[in-house]
Amino acid sequence: MYEVDLSADPKELAAIEARKSREKERQSRFFNVRNRVMGVDVEALNSQVVERKLREVTEQSRDAAYGTNHMQYDLVAQMLEKEQAERTRWLAKKIQEFREQKQQLKNRREFDLRDPEGLRKEFPACLGDSDRHCGPASLQCFSGEDLDRATCLKMQQDQFRYSLERQLQEQQRARVDEKCADMLNDQLHLGMDMRATYLAKLEESCRMAMMSAVANVNKAQGPHQVAELAEWQRREHQREQEANLVDIQNQITSDLLTENPQVAQNPLAPHRVLPYCWKGMTPEQRAAIRKVQEVQRYEKEAQCQAEQALDAQWESQTMLSTQAAMELEQQERELCAEFRRGLGSFNQQLAKEQKAQQNYLNSIIYTNQPTTQYHLQFNTSSR
């Protein structure tokens, strides 16, 4: 028979190639342990990368804004610190100028006692060879000698007189100010009194006008009504006098003038007092307070003694606990050392047994070792 060279079908070749490519892609997916076990979502990872970049840009812009604000705040703080330093420097300069002008050493009262030039200003002990104060031996210096004592005393007296006069002037000025204040207060009271008098006169004039009007009306009505009006006025005057007497008697016997301590008690809270009515504590209240204070002092002393005793007990207990802890630590160290020795011997015995077991497996059980060709026959297909 004749050999006929038939060409392959293109569709069949394309299908074969497609199957091979799909098999390679399948093997690449299956043999990649990371993708097969964990799985990777590329879209989610890309979105996370975009979000992270956007977040980084936002944080950078925010940090830049914070940095700008921080620089502005630093500039403001530096300006404030500089202003405060200038103000402090100016104040120190003013204080120093005041001290140099108003508080000089030579203006002090005790300057004559601490004058560094005092010895130079004093008179010499000897005025010359013909000084009658010197004796035959011509002694010129004695212990405790002070030739300028009279001048110093005079200067001190002058300073004392000047200080006293200044104090008197200040007292006179204070008295004058007090008199002026009293005079102004008196003028104020006088004005108030004059105003009250004027109002009283005005009220009296109004009352007299009303009474005259009533009298005129009564005269027009008849003599009988005039008599009744006079009797009514007399009774009113008598009642007013009686009311005034009762008011005076009540004022004299009132709790304000008699200083009744019961008035100062608060009706809503008996343990409190009314400040505007309270005249001070009674001797009984003072004695009760002192008694309570004495009791509190005794209780405080007893409490202090009890606390000292308790502290001593705690100290002794702490010492005993420390000693017991040290003994327990010593026992624990001994037990740990013994345990480590036992564990070391047990590990040595176990190592010997494992070594013997491994030698048995390598020499007797695992004699036929697999070759590389044996392992290459696996994972050749994805099916």
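Residue Leu75 belongs to no hydrophobic cluster, having no ILVMFWY side-chain heavy atom closer than 4.5 Å to its own. Applying the under-4.5 Å side-chain rule to Ile, Leu, Val, Met, Phe, Trp and Tyr, the cluster around Met194 extends to Leu190. Trp314 belongs to a hydrophobic cluster whose other members, connected by ILVMFWY side-chain contacts under 4.5 Å either directly or through intermediates, are Leu310.
One finds no salt bridge joining Arg175 and Glu178 here, because no Lys/Arg side-chain nitrogen approaches an Asp/Glu carboxylate oxygen to under 4.0 Å. Looking at Glu23 and Arg19, no side-chain N of the basic residue comes within less than 4.0 Å of a carboxylate O on the acidic one, giving no salt bridge.
Here Ser47 contributes atom OG and Leu54 contributes atom CG; the two are 12.0 Å apart, rounded to the nearest 0.5 Å. Atoms NZ and CD, from Lys300 and Glu307 in turn, are 6.5 Å apart once rounded to the nearest 0.5 Å. Interatomic distance, CD of Gln78 versus NZ of Lys82, reported as 10.0 Å (0.5 Å rounding). Note that CZ of Arg52 is 9.5 Å distant from CD of Gln48, once rounded to the nearest 0.5 Å. Distance check: Gln308 CD to Gln313 CD gives 12.5 Å after rounding to the nearest 0.5 Å. From Leu202, atom CG reaches atom CZ of Arg207 across 12.5 Å, with rounding to the nearest 0.5 Å.
Enclosure of atom CD in Glu59 by more than 12 non-hydrogen atoms of other residues, nucleotides or ligands within 6.0 angstrom is indicated. Summarising the local packing, CZ of Arg290 is surrounded by 12 or fewer heavy atoms from other residues, nucleotides or ligands at distances under 6.0 Å. Heavy atoms of other residues, nucleotides or ligands lying less than 6.0 angstrom from CD of Gln171 number more than 12. In Arg286, the CZ atom is crowded: over 12 heavy atoms of neighbouring residues, nucleotides or ligands sit closer than 6.0 Å. Counting non-hydrogen atoms of other residues, nucleotides and ligands closer than 6.0 Å to CD of Glu97 gives a total above 12.
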Next item on the list: Might you work through the salt bridge (charged side-chain N to carboxylate O under 4.0 Å, His left out) test for Asp182 and Lys179, ending with a clear yes or no?
Entry: CA-CA 5 Å; Asp182 294 339; Lys179 286 181 181 179; over 6 Å; no

task = Start with the C-alpha distance between Glu332 and Cys336, add both sets of side-chain angles, then the distance that settles side-chain contact (heavy atoms from CB on, under 4.5 Å), and finish with yes or no.
result = CA-CA 6 Å; Glu332 184 178 359; Cys336 289; 4.1 Å; yes

Given the rule in the salt bridge (charged side-chain N to carboxylate O under 4.0 Å, His left out) test, do Asp177 and Arg173 qualify, once you have shown the distances and angles that lead to the verdict? CA-CA 6 Å; Asp177 294 340; Arg173 192 180 303 109; over 6 Å; no

Q. Do Gln60 and Asp63 pass the side-chain contact (heavy atoms from CB on, under 4.5 Å) test, and can you show the C-alpha distance, the side-chain angles, and the key distance before you say yes or no?
A. CA-CA 5 Å; Gln60 289 177 0; Asp63 293 340; 5.5 Å; no

- Candidate pair Glu301 and Arg297, rule salt bridge (charged side-chain N to carboxylate O under 4.0 Å, His left out), full reasoning: CA-CA 6 Å; Glu301 292 179 356; Arg297 187 174 63 81; 3.1 Å; yes

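Remark: the His189 side chain and the Asn185 side chain contain an N/O donor-acceptor pair separated by less than 3.5 Å. In summary, the side chains of Gln330 and Arg333 do present a donor paired with an acceptor at a separation below 3.5 Å, with no hydrogens or angles considered.
Contacts of Tyr298 classified as side-chain hydrogen bond (donor to acceptor under 3.5 Å, both in side chains), with partners at least two apart in sequence or in another chain: Glu294. Partners of Gln84 according to the side chain to side chain contact (heavy atoms under 4.5 Å, CB included) rule, which considers only residues two or more places apart in sequence or in another chain, are Arg87, Thr88. In this structure, the side-chain hydrogen bond (donor to acceptor under 3.5 Å, both in side chains) partners of Gln358, at least two apart in sequence or on a different chain, are Asn362.
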